[in-house]
Amino acid sequence: MGMIVAPYARNAFVNTKGMFARANAHKYGVGAYNTTTPEQTRAILSACAETNSPALLAASPSAIKHNGMRVLVEHISAAVSDIRAEGSLIPVALHLDHGATFQLCLDCIVAGFSSVMIDASKKDLEGNIALTKQVVEVAEQYGVSVEAELGKLAGVEDEVSVSAAESSYTDPAEVEEFVDKTGVHSLAIAIGTSHGAQKFKPKDGEAFPELAWHILENIQRRLGDFPLVLHGASTVDPDSVAIFNAFGGKLEQAVGVPEDYISRAIKGPVVKVNTDTDLRIAGSGAYMQFQVENPKNIDWRKPLAAATAAMREVVVHKNNDVFLSAGHGVS
Ligand code: G3H
Ligand code: 13P
Ligand code: ZN
């Protein structure tokens, strides 16, 4: 069947296929940064423009619910126009994060997303394959790229609850069948990361456990350079947590994935690095600091500007120093 003109083309988004192929070839990671508000979107886009990195904006079902689909897509599209007006030509993708249903994926495709994740990881293998295949079939008609998940992350994913007890790593023996039967374009894997700010409960001075590197290597042996996705990849910077806690927050036992684990993952087959928590902590902390230091302020644009600057700094740092995507935005 011929390809229909993609709704995302009107907003000059691109799908993630070229982004991931280049990341694989040059061994860098593409940060997939979650956004809900214009402040987050602007922080991410302006940082990616500054570092000349590909921009992958991820919107969860709750981000869509918070804005309404039209406002979400329109604000992102307007923010992309702004960086274009400033001369940036970096590729920008708009991606659905943790889509739980075929209908939501379809709604996002029609609304102008260039990439969708169908998260059927709670289903059994057969059910996951069937639903993923259904999404791929329709997405391909629109040139939209599709991510699926095999294995379960511990913790609570967006509207996809997975009890810690159920949590299980990706089974490498399933990956070839899954990719062959679904035609999916990228695969999220579970190798020991989890969502949120508490990824590990250390007992006195205990180091963060190794990720299941043997599983990653086994998957790579089977799939070659097929693009893999690491969810729950925030590093939870202790300095950001300290600011958050110093100005009224109470984030206890906050521990993220060590930066050198992320570096190791992107030297292998991981091309997409999902990051939400780090921007939340930095943004909320900066907001609270501004408000505590300016207690009479009722103009919340001011603390929001401080939050935007803090989130922007996080993205610049990650693109430059961790994901090594800087300089790869426009070839
Ligand atoms: O993986 C989940 C993301 O961090 C999105 O979180 O549902 O609160 O927007 P959210
Ligand atoms: P973090 O909670 O580690 O930022 O992970 C975000 C994520 O995986 C979004 O899909
Ligand atoms: Zn996730």
Side-chain angles (χ1 to χ4, degrees), residues 16 29-37 39-41 43-44 56-69 71-72 76 93-101 104-105 108 113 115-122 146-162 164 167 169-170 186-200 208 211 228-238 240-241 244 251 253-259 261-262 265-266 270-285 311 314-315 317-318 322-323:
T16 56
V30 179
Y33 298 106
N34 283 79
T35 188
T36 298
T37 71
E39 289 78 15
Q40 287 171 286
T41 302
I44 297 161
L56 211 177
L57 292 155
S60 68
S62 37
I64 296 170
K65 206 184 284 171
H66 179 85
N67 286 280
M69 183 71 91
V71 170
L72 180 91
I76 293 173
L94 175 57
H95 172 77
L96 168 65
D97 192 26
H98 294 289
T101 63
L104 181 60
C105 291
C108 286
F113 282 57
S115 178
V116 293
M117 175 187 189
I118 177 69
D119 183 352
S121 58
K122 272 209 305 191
V146 181
E147 171 185 333
E149 180 168 324
L150 251 191
K152 299 183 187 74
L153 267 69
V156 178
E157 299 184 355
D158 182 68
E159 293 184 1
V160 182
S161 294
V162 182
S167 104
Y169 294 158
T170 305
S186 64
L187 186 63
I189 41 130
I191 56 168
T193 60
S194 62
H195 292 114
Q198 284 97 5
K199 300 189 190 293
F200 163 62
F208 197 96
L211 298 181
L228 300 184
V229 178
L230 193 63
H231 282 248
S234 277
T235 51
V236 188
D237 171 35
S240 293
V241 174
F244 182 88
L251 203 48
Q253 296 193 304
V255 184
V257 181
E259 279 189 356
Y261 290 14
I262 304 294
I266 62 178
V270 168
V271 293
K272 175 171 177 274
V273 193
N274 282 24
T275 308
D276 187 1
T277 296
D278 283 340
L279 274 69
R280 289 182 180 201
I281 297 171
S284 304
M311 292 186 287
V314 171
V315 176
H317 163 66
K318 285 185 183 283
V322 189
F323 304 156

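Atoms within a ligand are numbered from 1 in the order they appear, just like the ligands themselves. Atoms considered below: every heavy atom in the structure, side chains included; atoms not considered: hydrogens, waters and symmetry mates.
- Here's the thing with T36: none of its N/O atoms is less than 3.5 angstrom from an N/O atom of ligand 1.
- On a distance-only criterion, N34 and ligand 2 share no N/O pair closer than 3.5 Å.
- Of all the listed residues (Q198, H95, H195), H195 holds the heavy atom that lies closest to atom 7 (C) of ligand 2.
- For ligand 2, the atoms lying closer than 4.0 Å to a non-hydrogen atom of G196 are 2 (O).
- A donor atom on one side chain and an acceptor atom on the other are not found under 3.5 Å apart for K199 and S234.
- Within H231, ND1 is the N, O or S atom that lies nearest to the Zn ion (ligand 3).
- An N or O contact shorter than 3.5 Å links D276 to ligand 2 by distance.
- Close approach of ligand 2 to G232 is summarised as follows: ligand atoms under 4.0 Å from at least one heavy atom of the residue are 1 (P), 3 (O), 5 (O), 7 (C), 8 (O).
- Remark: ligand 2 atoms within the under-4.0 Å shell around heavy atoms of S234 are 1 (P), 3 (O), 4 (O).
- Residue contact check: H195 has heavy atoms under 4.0 Å from atoms 1 (O) of ligand 1.
- Note: an N/O pair closer than 3.5 Å links K199 and ligand 2 by distance alone.
- Classification of the F323-Y33 ring pair by plane angle, with boundaries at 30° and 60°, yields tilted.
- Ligand-side atoms of ligand 2 in range of T275: 4 (O), range being under 4.0 angstrom from any heavy atom.
- Within the 4.0 Å heavy-atom criterion, the part of N34 lying near ligand 1 is the side chain and not the backbone.
- Under 4.0 angstrom from ligand 1, the non-hydrogen atoms of R280 all belong to its side chain.
- Residue contact check: H98 has heavy atoms under 4.0 Å from atoms 10 (O) of ligand 2.
- Of all atoms in ligand 2, listed by their number and element, those nearer than 4.0 Å to a heavy atom of H231 are 8 (O), 10 (O).
- For atom 9 (C) of ligand 2, the choice among D119, L153, D97 with the nearest heavy atom turns out to be D97.
- Only side-chain heavy atoms of H98 come within less than 4.0 Å of ligand 1; its backbone N, CA, C and O stay farther off.
- Annotation for ligand 1: atoms under 4.0 Å from non-hydrogen atoms of S62 are 7 (O), 8 (O), 9 (O), 10 (P).
- Here the shortest heavy-atom distance to atom 5 (C) of ligand 1, taken over T275, D276, I64, D119, belongs to D276.
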